[in-house]
Amino acid sequence: TYNTKEKIINNYIRDYFGDAHIDGIDMDVVNQWISSLSRPKKRCPKNCEKPPLLSSGTINLARSVLSQIFDYAIKTHRAKENPVKYSEHPPKRSNDVRANLWTLDQYKLFHSKLKHEEHRILYNIFFWTGMRIGEILALTPRDILPYKIYVTKTWIEKANGGGYMKPKPKNRYSVREVEIPRELYF
């Protein structure tokens, strides 16, 4: 989306390349930039032990946006070639904290601390179905049948607040039936 590309340009591309002339950016410069994105940040946000690393997915997204900029420059006769096409891909890694899954005992302990029934239901759906938050927020009573949830839409949160219902989930494989474990009914 536009907002995502704008953030990529402002946070990763403009910071590194600044006022560099497009003819001065070759494959080696792009590889140095990718390498710089692969290193830990100098500043550490509050309450962190070590500076965060960008995931390879974020770096690849930034690489793709830079490639699109070069493609546009070629189309408008401001560049002769796209050095990003010949550059290296970042090493695969994830800094996604969602990968740290809870054990059943950890979840049960967390669940026992929830005070409101609505929260207990919501977190049960998260834990036992693996649905995305936007999919859960978009649920209506018509989507829930005994032992099944039909995922056919998602809720999109706007950066400036509010949100809207999107008639289709993240991708075509996200339209699905999700079984609800029978234990949740008792």
Side-chain angles (χ1 to χ4, degrees), residues 1-101 126 129-138 151-178:
T1 65
Y2 175 82
N3 290 338
T4 302
K5 288 185 180 185
E6 185 177 43
K7 285 179 187 176
I8 293 289
I9 290 168
N10 290 332
N11 294 337
Y12 307 120
I13 296 173
R14 188 174 286 138
D15 277 356
Y16 188 85
F17 294 103
D19 294 329
H21 194 272
I22 203 156
D23 289 337
I25 301 173
D26 60 11
M27 182 187 69
D28 291 333
V29 173
V30 172
N31 283 336
Q32 290 168 5
W33 170 66
I34 291 170
S35 178
S36 77
L37 292 176
S38 299
R39 290 191 293 271
K41 300 292 159 226
K42 293 177 183 167
R43 289 178 286 157
C44 187
K46 289 181 182 179
N47 302 327
C48 79
E49 296 172 16
K50 59 183 178 179
L53 294 171
L54 294 177
S55 70
S56 54
T58 300
I59 297 170
N60 273 324
L61 180 59
R63 186 179 177 277
S64 173
V65 171
L66 183 63
S67 184
Q68 291 168 14
I69 291 169
F70 271 97
D71 287 343
Y72 180 77
I74 291 168
K75 193 185 296 185
T76 59
H77 307 290
R78 290 183 173 87
K80 294 179 182 137
E81 65 178 350
N82 184 344
V84 181
K85 290 187 177 179
Y86 310 108
S87 66
E88 298 171 4
H89 287 270
K92 291 212 182 289
R93 69 167 178 253
S94 174
N95 64 352
D96 192 344
V97 294
R98 294 175 298 180
N100 297 327
L101 301 176
F126 274 130
T129 67
M131 290 173 62
R132 297 178 182 96
I133 189 168
E135 294 170 340
I136 293 172
L137 292 174
V151 180
T152 58
K153 56 195 168 297
T154 192
W155 178 261
I156 304 293
E157 196 71 27
K158 291 183 179 178
N160 59 354
Y164 62 94
M165 191 77 70
K166 184 179 173 192
K168 293 185 180 178
K170 186 174 179 180
N171 59 52
R172 65 183 172 155
Y173 302 107
S174 296
V175 175
R176 63 197 186 283
E177 276 182 22
V178 177

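Side chains are part of it too, since the values below use all heavy atoms of this structure and drop only hydrogens, waters and symmetry mates.
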Margin query: Counting only heavy atoms not in E88 (residues, nucleotides, ligands), do more than 12 fall under 6.0 Å from its CD?
Written below: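 It does not: E88 CD has 12 such atoms or fewer within range.
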
To the nearest 0.5 Å, how far apart are [atom1] in [X] and [atom2] in [Y]?
X    : Y    : atom1 : atom2 : value
R132 : L137 : CZ    : CG    : 13.5 Å
E6   : N11  : CD    : CG    : 9.5 Å
L37  : Q32  : CG    : CD    : 12.0 Å
E177 : T152 : CD    : OG1   : 11.5 Å
S87  : N82  : OG    : CG    : 8.0 Å
Y12  : L54  : OH    : CG    : 4.5 Å

Check: With distance as the sole criterion, is a donor-acceptor pair present between the side chains of S35 and R39 under 3.5 Å?
Finding: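 Note: S35 and R39 side chains meet the donor-acceptor criterion.
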
Notebook entry, point to check: Do you know which two heavy atoms are closest between I74 and E81, and how far apart they sit?
Noted result: CD1-C, 3.5 Å

Note to self: In the structure I gave you, are the side-chain heavy atoms of L66 and F17 within less than 4.5 Å of one another anywhere?
What the structure shows: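 Yes, at least one pair of side-chain atoms sits under 4.5 Å.
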
Side chains of residues 20-27: which donor-acceptor pairs under 3.5 Å do they make with residues two or more places apart or in other chains?
unit_1: H21; atom_1: ND1; unit_2: D23; atom_2: N; d: 3.1
unit_1: D26; atom_1: OD1; unit_2: D28; atom_2: N; d: 3.2
unit_1: D26; atom_1: OD1; unit_2: V29; atom_2: N; d: 3.0

Check: Looking only at atom types and distance, does a side-chain atom of R63 sit under 3.5 Å from a main-chain N or O of V84, one as donor and one as acceptor?
Finding: yes

Checklist line | Backbone of I34 reached by a side-chain donor or acceptor of S38 within 3.5 Å | finding: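 Flag set: sc S38 to bb I34 pair under 3.5 Å.
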
Checklist line | M131 vs T154, side-chain contact (heavy atoms from CB on, under 4.5 Å): CA-CA, chis, key distance, verdict | finding: CA-CA 10 Å; M131 290 173 62; T154 192; over 6 Å; no

Notebook entry, point to check: Could you walk me through whether W33 and I13 pass the side-chain contact (heavy atoms from CB on, under 4.5 Å) check?
Noted result: CA-CA 9 Å; W33 170 66; I13 296 173; 3.8 Å; yes

Next item on the list: Go through L61 and T4 one step at a time and tell me if the side-chain contact (heavy atoms from CB on, under 4.5 Å) criterion holds.
Entry: CA-CA 9 Å; L61 180 59; T4 302; 3.8 Å; yes

Checklist line | Partners meeting ring pair (Phe, Tyr, Trp, His ring centres under 6.0 Å) with F126 (sequence neighbours left out) | finding: Y123

